[in-house]
Amino acid sequence: MSEVEKQAAVDYSQFPDSRGHFGPYGGKFVSETLMPALEELEQMYTRLKDDPAFQAEFDKDLAHYVGRPSPLYHAERWSEQLGGAQIYLKREDLNHTGAHKVNNTIGQALLAKYSGKSRIIAETGAGQHGVASATVAARLGLKCEVYMGAEDVQRQALNVYRMKLLGAEVHAVESGSRTLKDAMNEAMRDWVTNVDDTFYIIGTVAGPHPYPQLVRDFQCVIGREARQQCLDMTGRLPDALVACVGGGSNAIGLFHPFLSDDSVRIYGVEAGGYGVETGQHAAPLNDGIPGVLHGNRTYLMEDEDGQIIETHSVSAGLDYPGVGPEHSWLKDIGRAEYVAINDDEAMDAFRTLTRVEGIMPALESSHALAYAAKLAKTMSKDETIVVNLSGRGDKDILTVAAIDGIEV
Amino acid sequence: MNRIESCLNQARQDGRKALVAYIVNGDPVPEATLTTMHAMVETGVDIIELGVPFSDPMAEGPVIALGHERALANKTSLKSTMAVVKEFRQTNNHTPVVLMGYANPVERMGYQTFAQNAGDAGVDGLLTVDLPAEEAGPLNQELKKVGIENIFLLAPTTTPERADTIMGVASGFLYYVSLKGVTGAGHLDVTSVEEKLAAWRGRTELPICVGFGIKDADTAKAIARTADGAVVGSVLVDAMGKAADQSAEDIAKAVCDLLQPIRAGLDELKD
Ligand SMILES: Cc1ncc(COP(=O)(O)O)c(C=O)c1O
């Protein structure tokens, strides 16, 4: 079989399979109490996802509340300076609440509404998903509680206050490494206790089935729009896609509608922290091993005893030892390539985009930008790269100021 | 016959309720575990559940989660847990030991290696909190080869269809989680447990032990009226944490002081 035929043989729309697996990854690894809740969610989602009324409601909210479609912006000046491929930015930073996260929370809030549950919980790292959850909860009049690692509560203080203004209760999680993974543990504990009246809005394409599937489906609006916009603006498909990967929701949202377009190269960018070689990073696809955490089988950062190890990234939204199971699978089958960008490279990209294009990116997105800049230089001027600018950088100003030694 | 089966058969024959005690290996200090295991047997514990610490114990409440953190700080691992069981077996060949933990350490060791080592060490059962029946097939195969029972949880939310799936793969005993919540939660509802157990009894011959929310003789007795055994965990781990700076013997004593009245309470139910 030729390379082309081999790739054409994969029908990406058929994944996950009926048990929630992407090849060996994914699945449902939770305690028994939650299994029936997941089955219920799965049944409801299977029914609603092909229901035109549900889709129409989702699309309407995306258009009038989120402000979609988000623009695809040709960063001409930056591309010119880099001297290689033309870089186009998918402007998820312009969404209501400032990141791609809201695409998913709008979708899951609709599911919560249909399920009749009165209370929403969420975990959050950078606080973007927490803000997006608090936002949809405010709009639907639902009670919202957000779990956030105590360390993240400190480094994302602005988002904590935003959530409180929106009426959400924020719980600082003091256990373990006090970051996103511990927030997720605590949210799971809440869910197991309050499963009757509570809808858990997971913020990325991780967690047990059906979350990786439904979060992906809600985020795919990014890639569908970008594909059409690129065709309209350049007359052809992009040559490469680049997105940062924390849990992987903005990345899969961009990638998925292009998976069958064999000519499109796909790059996911993990957080290299102080450098992958230092071990202090958050790049499980670069330097991890498959295991089971938070309800699914996927690449993880762990020690030789199978204990999850602490991660490091300058960006709270990427500071997670796991990754969505579909990315693990795309890595193994070779459809996407996963690379790492270090803290300081991301910081440089943050500053560059701000000064050259007048767009202040989130530190998460800055990882994608930094890799795109490297990649562009290896490509010709008539090639194009679409970068997912997953969020705006306002939330990170205090972090950047601290690095600069400035008190704001 | 596997130790779990003979232990619970014997208890049924004697009209005696099984006392199942959970502690975390390596908590609060590594020396305490073996001493406490032997002392618990002396106090009338029938089955020992030995917690394998995990960095992300999602189903545990704050008390047991802290136990896991202490054990990990003491460098306890799945490997060292099997070594403790092996040592326990040097002088105790009758008390069943069930390892209770999370999937990832077992995944990391590899199912086959785990099963062989656990079998060699004298482990009788495995309860993996986050490995539901749907995902347990490959591990189950390996456990069967070495005669280790795979213990599964039933929950208040478990539907009859799911119960049948679980009962189809479970062996040893079933562990009914008495409430919706994490370990150590306080809202035990005895009537609802009785109703559920009656329903499960119609579907399985396996013994059913009940855990979560049992903290003293009264709660243990109330539960054991309908269950084959009562599982006590959080109160023991709490006591061990508080006794952390004492000798292994004193830590074991703190645990047994709690278990004694529970044992006595259960024995009042003897028919
Ligand atoms: C702006 C932004 N980008 C990316 C991420 C990473 O999440 P994911 O990989 O799911 O897109 C976050 C998470 O908080 C975020 O806020």
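Chain naming here is simple, since letters A, B, ... match the order of the sequence lines and numbering starts at 1 in each.
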A:V30, part contacting chain B, at a heavy-atom distance under 4.5 Å: backbone

Engaged part of A:I289 at the chain B interface, taking heavy atoms whose separation is under 4.5 Å: side chain

Contact origin within B:A65 toward chain A - heavy atom pairs under 4.5 Å: side chain

Side-chain donor or acceptor of B:T157 paired with backbone N/O of A:T33 under 3.5 Å: yes

Sub-4.5 Å side-chain heavy-atom contact between A:M35 and B:T158: no

A:K49 atom NZ, over 12 foreign heavy atoms within 6.0 Å: yes

Any side-chain heavy-atom pair of B:E134 and A:H209 under 4.5 Å: no

Winner by heavy-atom pair count (cut-off under 4.5 Å) against chain B, out of A:E39, A:M188, A:E186: A:E39

Members of residues 100-116 of chain B whose heavy atoms come closer than 4.5 Å to chain A: B:A103, B:N104, B:P105, B:E107, B:R108, B:Y111

Backbone N/O of A:I308 and side chain of B:S55: donor-acceptor pair under 3.5 Å: yes

Gap between atom CG of B:L72 and atom CG of A:D305 - 0.5 Å precision: 9.0 Å

From CA spacing to verdict: side chain to side chain contact (heavy atoms under 4.5 Å, CB included), B:K180, A:T193: CA-CA 5 Å; B:K180 293 171 200 153; A:T193 307; over 6 Å; no

Any donor-acceptor pair under 3.5 Å from A:R189 side chain to B:G61 backbone: no

Among B:A185, B:A59, B:G181, residue most engaged with chain A (heavy-atom pairs, under 4.5 Å): B:G181

Side-chain heavy-atom pair B:V129, A:S31 within 4.5 angstrom cut-off: yes

Residue pair A:E32 / B:F152, side-chain heavy-atom distance below 4.5 Å: no

Check: A:S175/B:E69 side-chain N/O donor and acceptor closer than 3.5 Å: no

Exercise: identify the closest heavy-atom pair between A:F29 and B:P132: CA-CD, 4.0 Å

Point-to-point distance, once rounded to the nearest 0.5 Å, from CG of A:D182 to CE of B:M58: 11.5 Å

Side chain / backbone / both / neither for B:P62 at chain A, heavy atoms under 4.5 Å: neither

Side chain / backbone / both / neither for B:L78 at chain A, heavy atoms under 4.5 Å: neither

Per-residue contact mode, A:H21 against chain B (heavy atom under 4.5 angstrom): side chain

Within 6.0 Å of CD in A:Q154, more than 12 heavy atoms from elsewhere: no

Toward chain B, the part of A:N194 with a non-hydrogen atom under 4.5 Å: neither

